[in-house]
Amino acid sequence: MAKDFVTRSENYSEWYNELVVRADLAENSAVRGCMVIKPYGYAIWEKMQAALDKMFKDTGHQNAYFPLFIPKSYFEKEAEHVEGFAKECAVVTHHRLRAKSDGTGLEPDPDAKLEEELIVRPTSETIIWDTYRGWIKSYRDLPILVNQWANVVRWEMRTRMFLRTAEFLWQEGHTAHETSQEAIEETKKMLDVYAFFAENFMAVPVLKGVKSPNERFAGALDTYCIEALMQDGKALQAGTSHFLGQNFAKAFDVKFLSKENKLEYVWATSWGVSTRLMGALIMSHSDDNGLVLPPKLAPIQVVIIPISKGEEQKAMVDSHAEKLCSELRAKGISVKYDDRDAYKPGWKFNEYEFKGVPVRVTLGARDLEQGLIEIARRDTLTKESMQIEGLSDKIEKLLEDIQENIYNKALHFREESTREVNSWEEFLVEIEKGGFLSCHWDGTPETEEKIKEITKATIRCIPLDAKEEEGKCIFSGKASNKRVVFARAY
RNA sequence: CGGGGUGUAGCGUAGUCCGGUUAUCGCGCCAGUUUUGGGAACUGGAGGUCGCAGGUUCGAAUCCUGCCACCCCGACCA
């Protein structure tokens, strides 16, 4: 049991904050709203990046890099876009500091004021579309399929590590196409990539859908999203893929000559996932004993802990450990042998349990004399004695089992937290219990806005697989032909 | 940005109302010895601008003023 660790039921948000720090994932920095991602947390992010990056490249995308700074005037070119982001921009006004006249420190040098302020990018559509104008002249230049791994800044009022920080890491794909249809296909394709990643790597089941107009990205015609459900019953938007139409092409005058020799505006998409995925990962699987990681993203998949008395036993345990490590590494499994003398086995058990290492192997001199070892799995907290022969094969299989088990557990939770609601009275009761509520909605922003005002619940998405069904809006009673998903969200 | 709360060692804290020796205790840290199957024990030791800046006072962690940071609840959001 984790000592002095608050439980989820006692205080969910305190549980989350403490978990992030105690599992050594990240800590608050001296800079307001910005966190330090620590090596263990960053290692998880690197595994996420590697898997996503491969999928982007397998679907034909290339990486590139655009400037951190964007001239202010670029934001003025797309009206909806600027309205969405203006309130949370960091602005660079000077390029030099000088000593204050009273000797108390530094101040921006008035002589070094920028003629035009630079915005620290909150997202890169504007600078990228300004650049694309120079790249695109003909249909032969299309499509452009580019992704960028970067940091962005959004000056948020209230921040929480991984879920909402003023600076965060992400990737943003920006593609340019000849036709509307091709751009929409790209938007959906990348949504599928995200959903596949969430479910198969993170072991987090997600709902694929389209945002209602209220929740749409600033400047998009359609925003597709994946929505996950956290253990406290709140929804988390885990990734978005936008169909931008010709909005940015028009704002930045990006045209191409078609096969028919007609000058046309380019069709665009953008899509992104961020370090917020770390928050989704943490909140989906972890328990009152600490972090639980899916094997596919765990920096350490197997930890080996030795127990011995005296030099002779230690040598024997060491040699078994060495053999097991090399067998596991040959299978591409990341393994750590923790033979530090400074900590006792019990201490290490708790340490790795808290950090979510999927499999623990205890190599004890007493067991080894009988050819046995002990395997503990983090997801179920169960232990089992096994014969040492063929151990690496069993561990390989076990890692697959754990990956599947935590996905199924999360899926089961989501299914049991998703229910159909057919009346306003019922909605008011059910929304308090958390989870996804599948309801009829009249399709108007006014209704959505009122429901949000009264209950804090928003439409998370209109599921892509929603079936046609006659019904009445839970709020207005007007006709509706499909159900949408409501929830309170992060 | 509005409402509420909190700042004392790396972390958690006592002391603050009612100013007065060398700022309390636990964890952690360092050294040594004994230990090792679910967070080891003993002995010794290091570590403090009491959030910051002013002020009142013989004397301030304690009283006053201003500022800053963080947490919770709202509005906003990947």
Side-chain angles (χ1 to χ4, degrees), chain A residues 1-6 11-14 16-18 21-22 27-35 83-89 104 121-124 150-172 194 211 214-218 223 225-228 235-242 270-280 289-290 305-310 313-314 317 338-354 360 362-369 372-374 376 381 383 385 452-453 456 458 489-490:
Chain A
M1 277 292 154
K3 222 194 290 178
D4 308 317
F5 184 50
V6 67
N11 186 337
Y12 192 84
S13 83
E14 193 182 331
Y16 174 82
N17 289 332
E18 219 179 293
V21 172
R22 286 180 53 167
E27 63 189 32
N28 273 314
S29 72
V31 183
R32 176 187 204 143
C34 299
M35 64 177 166
E83 202 188 314
F85 287 103
K87 285 173 287 183
E88 49 187 30
C89 286
T104 58
R121 63 181 165 219
T123 179
S124 301
N151 56 341
V152 287
V153 168
R154 295 182 190 175
W155 212 266
E156 300 289 351
M157 290 305 179
R158 282 185 64 198
T159 59
R160 292 187 72 189
M161 284 190 282
F162 292 117
L163 297 175
R164 190 186 307 116
T165 46
E167 179 193 10
F168 56 95
L169 306 182
W170 76 345
Q171 59 69 218
E172 45 181 327
Y194 288 156
K211 286 290 184 192
N214 276 3
E215 301 281 322
R216 221 176 252 158
F217 175 75
T223 288
C225 63
I226 51 171
E227 292 284 327
L236 183 75
Q237 180 173 306
T240 46
S241 184
H242 314 292
S270 71
W271 28 273
V273 294
S274 70
T275 35
R276 174 180 261 196
L277 288 180
M278 293 282 293
N289 295 294
I305 293 170
I307 302 171
S308 63
K309 267 183 200 161
Q313 283 195 350
K314 184 176 186 315
V317 170
D338 188 352
D339 63 347
R340 286 178 299 174
D341 208 30
Y343 299 98
K344 296 184 57 165
W347 189 92
K348 293 177 190 172
F349 292 167
N350 283 287
E351 172 77 1
Y352 292 105
E353 209 159 275
F354 203 90
R360 182 184 78 228
T362 308
L363 283 185
R366 206 169 64 201
D367 287 346
L368 283 171
E369 276 160 16
L372 292 174
I373 51 85
E374 186 189 82
L381 293 169
K383 294 188 279 197
S385 276
K452 186 178 176 182
E453 259 171 50
K456 292 178 208 156
T458 50
Y490 275 97

ask   = Distance between the C1' atoms of A75(B) and C17(B), in whole angstroms?
value = 36 Å
For Glu88(A), the side chain to side chain contact (heavy atoms under 4.5 Å, CB included) test, sequence neighbours excluded, returns Phe85(A), Arg154(A), Trp155(A), Glu156(A)
Residue set satisfying ring-ring contact (aromatic ring centres under 6.0 Å, His included) with Tyr12(A), at least two apart, ordered chain then number -> Trp15(A)
Note to self: Between U34(B) and A53(B), how far apart are the two P atoms, rounded to whole Å?
What the structure shows: 49 Å
Hits for salt bridge (Lys or Arg N to Asp or Glu O under 4.0 Å) against Arg366(A), two or more places apart or cross-chain, chain-then-number order -> none
When rounded to whole Å, the NZ to P distance for the pair Lys344(A) and G39(B) reads 7 Å
task: Could you give the distance separating A23(B) and A14(B) at their C1' atoms, to the nearest angstrom?
output: 10 Å
Per the 3.5 Å Watson-Crick/G-U criterion and a run length of at least three, the stems involving RNA chain B are B:1-7 with B:68-74, B:10-12 with B:25-27, B:29-34 with B:40-45, B:51-55 with B:63-67
Between CD1 of Ile373(A) and P of G37(B) the distance, given in whole Å, is 18 Å
Original post:
Which whole number of Å gives the distance between the P atom of A31(B) and that of A69(B)?
Top reply: 39 Å
Grab the N/O contacts between the protein and nucleotides 44-48 of chain B below 3.5 Å, and write none if there aren't any.
none

Separation of G38(B) atom C1' from Asn289(A) atom CG, nearest Å, is 12 Å
From CD of Gln313(A) across to C1' of U35(B) the rounded distance in Å is 14 Å
Atom NZ of Lys309(A) and atom P of G37(B) are separated, to the nearest Å, by 8 Å
Hits for salt bridge (Lys or Arg N to Asp or Glu O under 4.0 Å) against Lys344(A), two or more places apart or cross-chain, chain-then-number order -> none
Residues passing the salt bridge (Lys or Arg N to Asp or Glu O under 4.0 Å) test with Glu14(A), sequence neighbours excluded, are none
Hits for ring-ring contact (aromatic ring centres under 6.0 Å, His included) against Trp170(A), two or more places apart or cross-chain, chain-then-number order -> Phe168(A)
Its contact letters, B for base, S for sugar-phosphate only and - for none at protein heavy atoms under 4.0 Å, make nucleotides 70-78 of chain B read SSSBBBBBB
Side chain to side chain contact (heavy atoms under 4.5 Å, CB included) filter on Lys309(A), not counting sequence neighbours, yields Gln313(A)
When rounded to whole Å, the CZ to P distance for the pair Arg22(A) and G10(B) reads 19 Å
Residue set satisfying ring-ring contact (aromatic ring centres under 6.0 Å, His included) with Tyr16(A), at least two apart, ordered chain then number -> none
Sorted by chain and number, sequence neighbours left out, salt bridge (Lys or Arg N to Asp or Glu O under 4.0 Å) with Arg164(A) holds for none
